[in-house]
Each structure stands twice: as structure tokens, then as C-alpha cells.
Amino acid sequence: MIRRLAFASFGLLTAAEGSAQQLPQTLAAWIGLDATPGREAAVAERLTRELGNGWTSDRYGNVVRRVGNGTPRRVVACALDVPGLVVSQITENGYLRLHRAGGAVHPLWDQHHEAQRVTILTRNGPVPGVVAVANGHFARQHRGDTAIVNVDQLWVDVGASSRREAEALGITLLDPVIAERPAWTFAGHASGPAAGARASCAAVAAVAALPPGAGETIFVISQQRSFGWTGLSSFLARVGNIDALTIVDAGRQAALDASVPRARVPNGVQRTVRLDSVRVIAPRVRFAGLLIETIHETDAREVFTAVARAAGAPGANVSWPAPKLDTARVLSPRRDAHGPIEKQFFTLADLPGVPGHEHRVRDAIRAALPKWAQDRATVDTAGNLIVSAGPDRDSVLFMAHMDEVAFEVERILPDGQVTLGRRGGVVIHAWEGQPAWLHFDPDGSGRAPESLRGVFVPRDSARVKSPQNLTAWFGVDSAQLVARGVRPGLGVTAYKRGARLAGTRVTARASDDRTGSTALLMATHDIDPAKLTRKTIFAWSVREEGGLNGARAFAAAHGASLQRVYAVDTFVSSDTPLESPHFAYAPLGAGAVLRGLDDGAMAPLAERERITRLAKANGIPLQIGTTHGSTDGSAVTLFGASFAGLSWPGRYSHSPAEVLDLRDVDALRRLIIAVATER
């Protein structure tokens, strides 16, 4: 499997090339630079090398270019660093604790890291992780957790099981930790942490490429804004006399501010420069200070115009420093026995499958079935994918579900925002302030338009952790949305891309139940239908989340003929730093799980003994436990079949940060085979 990663190397984008499609991508690449406090030197070295054209770096990590000579003598400066997090502790069981570097810029800034992917920037290279969140299925245990999350409540899971394993990855104290974000653009906007500040630096670099005006202009991409503009202040203290200073600051939710009172000039700058006035330019942004801060290309161009005027070099033929994506870097195939499972899991997990809109997942599963199963596969009127084999007696059903917790469009508001209805037990605060994807259903030809990008709109301020409801915004008004085919009922998910953690741990949105779907699919490849001694049905259901609707439809048609039913679904484990181990404790990596009791059903003693015996006979590691939630089996067993849940232990259920261990998925695959082929 080839999983492409992208990084930026700088080129030039001319004004003629700077279309509505390309300038946002340029800005997004600046947004993606990992210049948190503590990373300035590495980023300065990179910018100096890639910008070229006379840029140098000084002892403070500032990146500087001087153009022209004589008077007036000007300094035009932006700041590259953004507030970040650093590792403050590595716990004995391998989790990371965090501390702010540079302070938060919004009351929800800390919380918007919870349940999200992060990257730890170590000396040995980037290490992926996820920030833990309470299991969605355990909401009743967390009813009192209503306070907004702060940095002291964040735990990072890198897939390690001990301090030694975490340190072996190269993680040390004070390593920067950054939110992992795609280069997110939509409708002429670029979105990401400190989008306004990064657009300011893109404009400074662009103006520095213009022919010089009268006098000398010194362009400074400075560091340590997070600590009182220390980098710029240090530069100004030694640059000598200057006639004008222009600071191109972070974004603000206001009109372009071309001149501000001296009181708003950073204190450190005031102490090191003697000027009657200092000009401050701040770009206009949406969602200022959050991880999805968003700037439109017209506002970026307005900043460029203001910077050019301040530099005494107005000009229309701008060349923007433009990142170019290098797709040669790939996530190499796994070299261990779990490679095929990982490949298939990522393929399914990355697909959107909002309840009632599972066609992409169903098509992918059907295409991946072995030929014997493809030849027998049918889709019922509910949308369930069904494969049957074996003699027509003593029918047994194995059922996983294809859908995931997500949202549907409910209403389109005049300003282009859409109100969202939850589908399943969404951990709603984990989606607030994150990238959003709206997915279209296929038309009569079977093709679906490209999904729309946008953002889940965050609250301006908050007193409690979770919003009552969410809206999403895709950068256009209601008329434009309708013209694009947006209507109530379409599905909306977060951006998704699965990733490896340490060892055999992986993370992906929709692990519940793409993991079960993967295990069931992989099991069919190792089953000879000619050797089955009873009718065996493998089914992938729709609309499990929020009602078990696909299973109910299947049960109404076939439930009375079944002897046994096995739901292949997650075991929500308390093996996390945020849960009590006194309930639902099944450690990751210790094997498959027999889901003996949940909120919907209890496995009969005979079934528990049967599965335990088969696991032991086949050398399959097996755990037994009780957890919250219910499965498709609860709908089918009402018609008389005995029921048991075949599972794997999972962390952070119903959130974007679900984590599993591939060893457990392989054990589950083997368990399904053992139960299905029992004589």
C-alpha cells in the first residue's frame, strides 16, 4: 500500500499564476510550517535555504533580507512562530503530558487538540500521536465533565506501553507538539493554525521579491513572537537607526488595520526602537486564534498591497513564495505479518460512511472479497451486503457494520452555514473547530461529485465543554451551495486519514466498525466455502449507528431461520488514561475480546464456553469483558438466535482519535475463522 505524505519546498508563484485555486494552496503551505517555539532555528535554516535570493538567518533565528540602500531606512517584519505545546512529562505507561509554549490564543485552543492527531517533533524526526478523549460509549461515566478542557488535561498516546518505549521513539522533554493538519483550502480560503500570521509572512516574502524602492528596506521573518517578539526586539536593538517600522501581525476578526495606536505595539519592540510611530498591519481572518483560523485570498492580497506600500515598493507583479508538494515520500509497506490487515483497514477507514450513505464502503468491501464471495454477494433492499455459503441448515450469521458516527445536513442558512444533525453517538466537542467534508450521493449514473471542503464552525466563546449543536461552513453562501447540489440529508464527516503509531498500533476515524468489517473481510479469504458444514452468512450492515436499522431489516427477513448470530464490533475498552480500569478493561495487544455483556445483550454461557474453547484450541489470545453500547446482534437475537459479540479492544470510541492494535485484529480474524469452520 502506498500512502502519500507531502512536504513543502519553495518555488515562486507569479501573479498570473496566482489564481483562486493556487494562492490558497500557497498560504496553506505557509500555515503548515512547524515553527512553534523551540523550532525556530530549524525552520529558519530551511527558509534561508529554500527562499534563497539574498535571505539569511541571524543568531536569533530571524530570517532577514536587505534590499536597496540609503534613506529612508525601513524595517518590515512578521513573526513565524505560533503558540504551541511541548512535552512536559513521559509517564511510566508511555503517555505524554503537555505544557503550553507561548500561551493559548483562544479559550478553546487547548480543547480543540483533544481527540485529534498531533506530531511530536523529535531530534530523530516526527512521531505521530493522538490526544486522548473519553470514550463516547462511556458518556454516563463523564456526565459531570462539563468544564472546558485545558492543557493540564491533555494526554498524548503515541502507541507506546511504557516510558522506555516512548523514549525509544526519540521523545524527550520539551519536544514541540503540533496539531496534525492537512493543507486545507476551500472556496478561496486557506485554513489552519495562525493562518493570518502565516499569510502575513507570505506577503512579506512576496514583497521582498519586488524591485526595491527608494532607500533601504530590511525584511524580517522574526521568531519568538510568542514571548513578546523577542526575536524582532533583539534584531532591532542591533540594527542601528531606522526611519520606519512596520509590523505585519497575526490575524484579527476585523477590517484590515493599517495604522494602530502605539499602545498596541509590543512592549519589547517599544523598548528597543525609538520611533514616533510604528505601523501595524493585521490581516482579516475568521475563527481567529483557533486551529481552523481561516483567511481568504482577497485579504491576503490586501495585506500584500499594504506591505508593499509600507516598504516603499508598490507593484502589481507579485511573486509569492509557493510550496511545491513532493509526493515521492510514502509510508512504506509493513514488513511484519500485519501488513495486509493494515492495508485493508486504512482503505476502508478513510472512506466516508455516514449512516444511510455507506455506498463507498460497500463497494470497497465487495471489490475486496475473494472471488467465491464476490460471486455470491447480494445487496438487500436496506443496503446490507450479504454473502452466504454452506449447506442450508443450522444457519449462523457474522455481521459487522459499514457506517460510522457522523452528521447530516439539516438546514441551509442564508449565510451558507448548514445546521447538522447527529447520526449516532458523536463526541460532539471533538468535531468543533475542525476541518469538515460534505459528501454527495451518486447520481443516476452511479457517480458522485467531489466532496466539498469546509470547517465545523466553533463557538466564539464557551463556558462548557460541549456545544449543543454544530454547524458547518464551506466558504460560500446558500445560493452557491444549492447550485452545487447541497441539500438536506447529505452526509458530513471530518477530514480522515489513518496513520501508524508505534509498533502495531494504528489510529483512524471510523475504526468502529471498519475494524470489524476488515476482520470479517479478511476472514473470508481464509475460508473454503466447500468445507463449511452449515449455512454461514457474512453480512456488512448499514445504519447501525443510532438504531441498528440495517440489522433490523435483515432480522425481519431472515432472523427466524438463524441458530446463532455473532456481531463483529468494537469492545470499548477502559485501557485509556481517562477511564477507570474497574470496568471494561481489556488491554490493547492482549488479543480479541468476547463481548460477554453490553447494554443490549448478554452472551449465553454455552456460547461463552464454545468461543473460549475454540480460541484455546486454536492458540488465539482471547479476553472476556463487559462494556457499554449495543451491536447489530441485539436486533437479530430477538428472533431466537443465540448471540455473542466478537470484538477487539479499542480506545477513544466515537471520536476522530480511535486507536487499535493490529495484533488484536488478527486475533479477531482467526477467531471468526475458528467459529465459522467449527464442525
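The residues of the chain are indexed from 1 along the displayed sequence. Below, each value reflects all heavy atoms present in this structure, side chains not excepted, and no hydrogens, waters or symmetry copies.
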Enquirer: Checking the side chain of Gln116 only, and the main-chain atoms of Ala179 only, is there a donor and an acceptor separated by less than 3.5 Å?
Expert: no
Enquirer: Can you measure from CZ (Arg65) to OG1 (Thr48) and round to the nearest 0.5 angstrom?
Expert: 12.5 Å
Enquirer: Looking at every heavy atom in both Leu232 and Ala77, which two are closest together, and how far apart are they?
Expert: CD1-CB, 3.7 Å
Enquirer: Is a donor on one side and an acceptor on the other found under 3.5 Å between the side chain of Arg279 and the backbone of Thr246?
Expert: no
Enquirer: So, Gln434 side chain and Leu291 main chain: donor-acceptor pair closer than 3.5 Å or not?
Expert: no
Enquirer: Does CG in Asn241 sit with more than 12 non-hydrogen atoms of other residues, nucleotides or ligands closer than 6.0 Å?
Expert: no
Enquirer: Centre-to-centre under 6.0 Å for Trp229 and Phe235, is that the case here?
Expert: no
Enquirer: Taking side chain as C-beta onward, heavy atoms only, is Phe440 less than 4.5 Å from Val486?
Expert: yes
Enquirer: Quick one: closest heavy-atom pair of Leu470 and Trp431, and the distance?
Expert: CD1-CB, 3.8 Å
Enquirer: Rounded at 0.5 Å granularity, tell me how far OG1 in Thr185 sits from CD in Glu297.
Expert: 10.5 Å
Enquirer: Quick one: does any side-chain atom of Thr294 pair with a main-chain N or O of Ser191 as donor and acceptor, under 3.5 Å?
Expert: no
Enquirer: To check you understand the geometry: which heavy-atom pair defines the closest contact between Asp249 and Ser200, and what is its length?
Expert: O-OG, 2.8 Å
Enquirer: Can any side-chain N or O of Asn62 pair as donor or acceptor with the backbone N or O of Gln223 at less than 3.5 Å?
Expert: yes
Enquirer: Hey, could you give me the CG/CZ distance between Leu51 and Phe219, rounded to the nearest 0.5 Å?
Expert: 12.5 Å
Enquirer: With no hydrogens and no angle check, is any side-chain donor or acceptor of Arg198 less than 3.5 Å from a backbone partner on Leu33?
Expert: yes
Enquirer: Answer yes or no: is there a side-chain heavy-atom contact under 4.5 Å between Val43 and Asp34?
Expert: yes
Enquirer: Hey, mind stepping through Val659 and Thr507 against side chain to side chain contact (heavy atoms under 4.5 Å, CB included) and telling me if it holds?
Expert: CA-CA 4 Å; Val659 171; Thr507 179; 4.0 Å; yes
Enquirer: Do the side chain of Gln111 and the main chain of Ile148 share a donor and acceptor less than 3.5 angstrom apart?
Expert: no
Enquirer: Quick check: closest heavy atoms across Leu490 and Gly485, and the distance to 0.1 Å?
Expert: CD1-O, 3.8 Å
Enquirer: Please test Leu96 against Ile171 for side chain to side chain contact (heavy atoms under 4.5 Å, CB included), starting from the C-alpha separation and ending with a verdict.
Expert: CA-CA 9 Å; Leu96 313 182; Ile171 298 171; 4.0 Å; yes
Enquirer: Under 3.5 Å, side chain of Asn150 to main-chain N/O of Asp110, donor-acceptor pair present?
Expert: no
Enquirer: Over 60° means perpendicular and under 30° means parallel, so classify the ring planes of Trp320 and Phe304, tilted if in between.
Expert: tilted
Enquirer: Compare every heavy atom of Ala166 with every heavy atom of Ile90, then report the nearest pair and how far apart it is.
Expert: CG2-CB, 3.8 Å
Enquirer: Do the charged groups of Arg509 and Glu658 touch, with an N to O distance under 4.0 Å?
Expert: yes
Enquirer: Please say which of His429, His106, Glu432 ends up in a side chain to side chain donor-acceptor pair (under 3.5 Å) with Arg459.
Expert: Glu432
Enquirer: Calculate, to the nearest 0.5 Å, the distance between atoms CD and CD1 belonging to Glu180 and Ile178 respectively.
Expert: 6.5 Å
Enquirer: Around atom CD of Glu45, are there more than 12 heavy atoms from other residues, nucleotides or ligands closer than 6.0 Å?
Expert: no
Enquirer: Quiz question: by atom type and distance under 3.5 Å, do the side chains of Gln417 and Thr471 form a donor-acceptor pair?
Expert: yes
Enquirer: Quick one: does Trp437's side chain get under 4.5 Å of Arg453's, heavy atoms only?
Expert: yes
Enquirer: Sub-3.5 Å donor-acceptor pair from the side chain of Asp81 to the main-chain atoms of Ser226, do we have one?
Expert: yes
Enquirer: Starting at CG of Leu438, measure out to CG of Leu481 and round the result to the nearest 0.5 Å.
Expert: 8.0 Å
Enquirer: In terms of relative ring orientation, are Phe186 and His189 parallel, tilted or perpendicular, with 30° and 60° separating the classes?
Expert: parallel
Enquirer: Go through the steps for Val409 and Val492 under the test side chain to side chain contact (heavy atoms under 4.5 Å, CB included), then give the verdict.
Expert: CA-CA 7 Å; Val409 174; Val492 179; 3.9 Å; yes
Enquirer: Please report the C-alpha distance between Leu121 and Asp175 in whole Å, then the side-chain angles of each, then the deciding distance to 0.1 Å, and finally whether the side chain to side chain contact (heavy atoms under 4.5 Å, CB included) criterion is met.
Expert: CA-CA 6 Å; Leu121 303 173; Asp175 279 344; 5.9 Å; no
Enquirer: Restricting to non-hydrogen atoms, name the atom on Ala508 and the atom on Gly498 that form the minimum distance, rounded to 0.1 Å.
Expert: CB-CA, 3.9 Å
Enquirer: Thr217 and Arg74: side-chain donor and acceptor closer than 3.5 Å?
Expert: yes
Enquirer: Is any side-chain heavy atom of Glu114 closer than 4.5 Å to one of Gln153?
Expert: no
Enquirer: What distance separates Ile218 CD1 from Arg73 CZ, expressed to the nearest 0.5 Å?
Expert: 4.0 Å
Enquirer: Decide yes or no for Leu85 and Arg100: does some side-chain heavy atom of the first lie under 4.5 Å from some side-chain heavy atom of the second?
Expert: yes
Enquirer: May I ask you to test the His439-Thr493 pair for a side-chain heavy-atom distance under 4.5 Å?
Expert: yes
Enquirer: Is it possible for you to check whether Arg286 lies under 6.0 Å from the centre of the six-membered ring of Trp473, through NZ or CZ, and within 45° of that ring's axis?
Expert: yes
Enquirer: Please examine the side chains of Val285 and Asp299, heavy atoms only from C-beta on, and report whether any two atoms are closer than 4.5 Å.
Expert: no
Enquirer: Keeping the roles fixed (side chain from Arg97, backbone from Asp152), state whether a donor-acceptor pair exists under 3.5 Å.
Expert: yes
Enquirer: Quick one: are Leu420 and Phe456 in side-chain contact, heavy atoms under 4.5 Å?
Expert: yes
Enquirer: Name the orientation class of the two ring planes belonging to Trp184 and Tyr495 (parallel below 30°, tilted from 30 to 60°, perpendicular beyond 60°).
Expert: perpendicular
